[in-house]
Q: 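This is the structure I want to talk about, given as structure tokens.
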Amino acid sequence: MLLRGELLWQDAPEQAAAWKTGEWLIGGEVVFASEETSCAAQWEGYVIPGMVDVHCHLAIGPEGPVDEAEQLRFAQATRDSGVLLVRDCGAPRSQEWLTKRSDLLRLIRCGQHIARPKRYIRGLPVDVEDVAALPEVVAQQAALGDGWVKLVGDWIDRSKGADADLDPLWPREVLIDAVAAAHEAGARVAVHAFSHRAIDDLLEAGVDDIEHGSGMDADQLAQARAQGTLVTPTFLQVELFHEFAAQAGPKYPVYAATMQAMYDNRREHAELMIESGVQLLPGTDAGGYQEHGCLVDELRLWERAGMSVPDIIDAVTWKARRALGVPSLSEGALADFVVYETDPRQDLSVLARPSAVVLGGVAV
């Protein structure tokens with residue numbers, strides 16, 4: 001089969017991708033550069049590698065854990081939006097069955113969230129009673145995932161009553177040992193963190209990806225950039241912080257004020273994240289508060305914060321894949337790509353209207 005048009009292509013896996021005009025052959029499940037031919041093209045247009053959602057919960061819906069039928073529906077909605085690689089960052093049920101389906105998407109599993117009792121959403125995490133056991137639990141979850149584990153780094157501590165706020169869950173020394181345990185097991189660590197106070201310990205411990213990062217200041221972002229720490233901003237989720245504040249109401253006024261302040265400052269903070277130069281990964285936090293398949297809505301907020309559309313396309317395709325250790329479109333790589341009739345570099349909304357979605361050389 002033949003693919004023709006303008007394609008975001010890597011001449012070699014270690015090189016940056018660039019837009020190329022030409023033809024590519026799809027042989028089996030992989031893609032190869034081709035000399036110009038007179039053959040009819042199976043697909044023609046503007047072509048990008050399958051997009052990436054690194055913060056997605058295919059096993060979670062608005063009411064909590066979902067069955068396999070719902071997981072399938074969520075995976076299909078995500079795939080049809082042009083997202084062909086997902087890191088499912090915290091799943092209360094096994095999703096190994098999804099990895100065996102060649103018609104859905106590529107899935108990187110993280111195992112369950114790891115939290116302390118009553119310090120995360122009920123029914124989702126593995127609860128660690130004794131914080132000293134965290135490194136052991138991390139190693140256990142690393143064995144269940146695909147090279148990532150998911151920690152809850154902060155959450156409201158309701159035991160403090162009216163003084164309750166977003167508080168870190170783990171002492172720094174335990175975090176350091178837990179991250180080391182993950183790395184020794186061949187896994188990386190992604191951490192939920194809304195607050196400012198949790199970040200210094202996470203950076204000191206050497207976590208690999210800070211999710212949300214809504215409390216990070218300029219110095220913390222600069223340190224993350226220097227260390228190569230990834231940040232997944234989930235701007236769509238931050239757009240809901242005023243609702244979280246309202247729900248806390250007079251019962252938890254300190255926490256409510258914290259969430260409202262981050263909501264009020266969300267646009268300036270998003271601009272700070274973009275300008276910091278830290279590598280941002282695209283993530284929706286779909287499952288629960290966000291619908292699956294909404295990545296383009298998230299990317300619109302990146303554009304509002306000042307990132308150019310070509311840079312967004314790079315970030316959500318080959319750069320995100322490289323950060324996760326997954327090949328992009330290059331010689332002999334899996335033919336996972338999305339085709340558009342018009343140039344998405346000129347209008348971000350084009351990303352929401354693919355003319356073809358192809359997995360392993362097969363249109364889905």
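Positions are given from 1, in the same order as the sequence printed here.
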Q: Please say whether more than 12 non-hydrogen atoms of neighbouring residues, nucleotides or ligands are located less than 6.0 Å from CD in E70.
A: yes
Q: For R4 and E23, indicate whether the former's side chain and the latter's backbone hold a donor-acceptor pair under 3.5 Å.
A: no
Q: Nearest 0.5 Å, please: how far is OG1 in T229 from CE in M216?
A: 7.5 Å
Q: Does R322 use its side chain to pair, donor to acceptor, with the backbone of P13 at less than 3.5 Å?
A: yes
Q: Check W19 against P344 and note the closest heavy-atom contact, atom names and distance.
A: CH2-CG, 4.4 Å
Q: Side-chain heavy atoms under 4.5 angstrom apart, residues restricted to Ile, Leu, Val, Met, Phe, Trp, Tyr: same cluster for L98 and V83?
A: yes
Q: Hey, does the side chain of Q141 reach the backbone of Q112 with a donor-acceptor pair shorter than 3.5 angstrom?
A: yes
Q: Could you check whether any side-chain heavy atom of F337 comes within less than 4.5 Å of a side-chain heavy atom of L8, counting everything from C-beta outward?
A: no
Q: I'd like to know if E239 and R304 make a salt bridge, using a cut-off of under 4.0 Å between side-chain N and carboxylate O.
A: yes
Q: Could you please spell out the steps behind the side-chain contact (heavy atoms from CB on, under 4.5 Å) verdict for K100 and W97?
A: CA-CA 5 Å; K100 303 180 187 303; W97 71 275; 5.6 Å; no
Q: I need the minimum non-hydrogen distance between V131 and V174, along with the two atoms involved.
A: O-CG1, 3.2 Å
Q: Is the backbone of I114 close enough, under 3.5 Å, to the side chain of Y120 for a donor and an acceptor to pair up by distance?
A: no
Q: Within this structure, what is the CG-CZ distance for the pair D200 and R172, rounded to the nearest 0.5 Å?
A: 6.5 Å
Q: Looking at D208 and V189, would you say the former's side chain and the latter's main chain have a donor-acceptor pair under 3.5 Å?
A: yes
Q: Decide yes or no for V47 and V338: does some side-chain heavy atom of the first lie under 4.5 Å from some side-chain heavy atom of the second?
A: no
Q: Starting from V30, can I reach L85 by hopping between I/L/V/M/F/W/Y residues whose side chains sit under 4.5 Å apart?
A: no
Q: By the definition side chain to side chain donor-acceptor pair (under 3.5 Å), identify the one residue from H55, R87, Q279 that meets it with D209.
A: R87
Q: When you compare the side chain of D347 with that of T342, does any pair of heavy atoms fall below 4.5 Å?
A: no
Q: Examine distances only and state if a side-chain atom of H292 and a backbone atom of H57 form a donor-acceptor pair shorter than 3.5 Å.
A: yes
Q: To the closest 0.5 Å, what do you measure between CZ (F235) and NE2 (H269)?
A: 8.0 Å
Q: Side chain to side chain donor-acceptor pair (under 3.5 Å) for D154 and S195? Distances and angles first, verdict last.
A: CA-CA 7 Å; D154 62 12; S195 69; 2.6 Å; yes
Q: Do T234 side-chain atoms and G283 backbone N/O form a donor-acceptor pair below 3.5 Å?
A: no
Q: Do L105 and L107 have side-chain heavy atoms sitting under 4.5 Å apart?
A: yes
Q: Describe, in one word, how the ring planes of F241 and F194 are oriented to each other, choosing from parallel (under 30°), tilted (30 to 60°) and perpendicular (over 60°).
A: perpendicular
Q: Test V191 against W170 for side-chain contact (heavy atoms from CB on, under 4.5 Å), laying out the working first.
A: CA-CA 12 Å; V191 186; W170 317 102; over 6 Å; no
Q: Any non-hydrogen side-chain atom of W24 less than 4.5 Å from a side-chain atom of L329?
A: no
Q: Report yes or no: do L124 and V128 belong to one cluster of Ile/Leu/Val/Met/Phe/Trp/Tyr joined by side chain heavy-atom distances under 4.5 Å?
A: yes
Q: Determine the minimum heavy-atom distance between A198 and P168, stating which atoms define it.
A: CA-CG, 4.1 Å
Q: Mind checking the CG-CG spacing from D311 to L280? Nearest 0.5 Å is all I need.
A: 11.0 Å
Q: Without hydrogens or angle criteria, can the side chains of Q290 and Q237 be said to hold a donor-acceptor pair below 3.5 Å?
A: yes
Q: Where do E243 and Y289 land on the side-chain contact (heavy atoms from CB on, under 4.5 Å) test, with the steps shown first?
A: CA-CA 11 Å; E243 296 180 16; Y289 293 101; over 6 Å; no
Q: Given D167, which of R116, K160, R119 fulfils the salt bridge (charged side-chain N to carboxylate O under 4.0 Å, His left out) condition?
A: K160
Q: In terms of hydrophobic clustering (I, L, V, M, F, W, Y; side-chain heavy atoms under 4.5 Å; direct or indirect links), are L104 and M51 co-clustered?
A: yes
Q: Going by heavy atoms in the side chains, are V357 and D80 under 4.5 Å from each other?
A: no
Q: Test of understanding: clusters of I, L, V, M, F, W, Y form through side-chain heavy atoms closer than 4.5 Å, transitively. Do V231 and V54 belong to the same one?
A: no
Q: Please examine the side chains of V316 and E298, heavy atoms only from C-beta on, and report whether any two atoms are closer than 4.5 Å.
A: no
Q: CG of L301 to CE of M307: how many Å apart, nearest 0.5 Å?
A: 12.5 Å
Q: I'd like to know if the side chain of D264 pairs up with that of Q260 as donor and acceptor (distance under 3.5 Å, no hydrogens or angles considered).
A: yes
Q: Give me the ring orientation class for H192 and H212: parallel if the planes are under 30° apart, tilted from 30 to 60°, perpendicular past 60°.
A: perpendicular
Q: Using only atom types and a distance under 3.5 Å, with no angle test, would you say the side chain of R79 pairs donor to acceptor with the backbone of D103?
A: yes
Q: Say whether, by atom type as modelled, one donor and one acceptor occur between the side chain of D53 and the main chain of V86 under 3.5 angstrom.
A: no
Q: Which atom names give the shortest non-hydrogen contact between A162 and P253, and what distance separates them?
A: O-CD, 3.4 Å
Q: Counting only heavy atoms not in E63, do more than 12 fall under 6.0 Å of its CD?
A: no
Q: Can you establish whether the number of heavy atoms outside E341 located under 6.0 Å from its atom CD is more than 12?
A: no
Q: Would a distance-only check, ignoring hydrogens and angles, find a side-chain to backbone donor-acceptor pair under 3.5 Å from T258 to V254?
A: yes
Q: Hey, is CD on E331 packed in by over 12 heavy atoms from elsewhere, all under 6.0 Å?
A: yes
Q: Tell me the closest heavy-atom pair linking P282 and L299, and the distance in Å.
A: CB-CD2, 4.3 Å
Q: Apply side-chain contact (heavy atoms from CB on, under 4.5 Å) to V309 and V350, showing your working.
A: CA-CA 11 Å; V309 175; V350 169; over 6 Å; no
Q: By ring pair (Phe, Tyr, Trp, His ring centres under 6.0 Å), which residues pair with Y252, not counting sequence neighbours?
A: none
Q: Taking the side chain as C-beta and beyond, is there a heavy-atom pair between F74 and I60 under 4.5 Å?
A: no
Q: To the nearest 0.5 Å, how far apart are CZ in R106 and CG in D146?
A: 13.0 Å
Q: Can you name the nearest heavy-atom pair linking A256 to A245, along with the distance?
A: O-CB, 3.3 Å
Q: Heavy-atom count check: over 12 atoms from other residues, nucleotides or ligands less than 6.0 Å from R225 CZ?
A: no
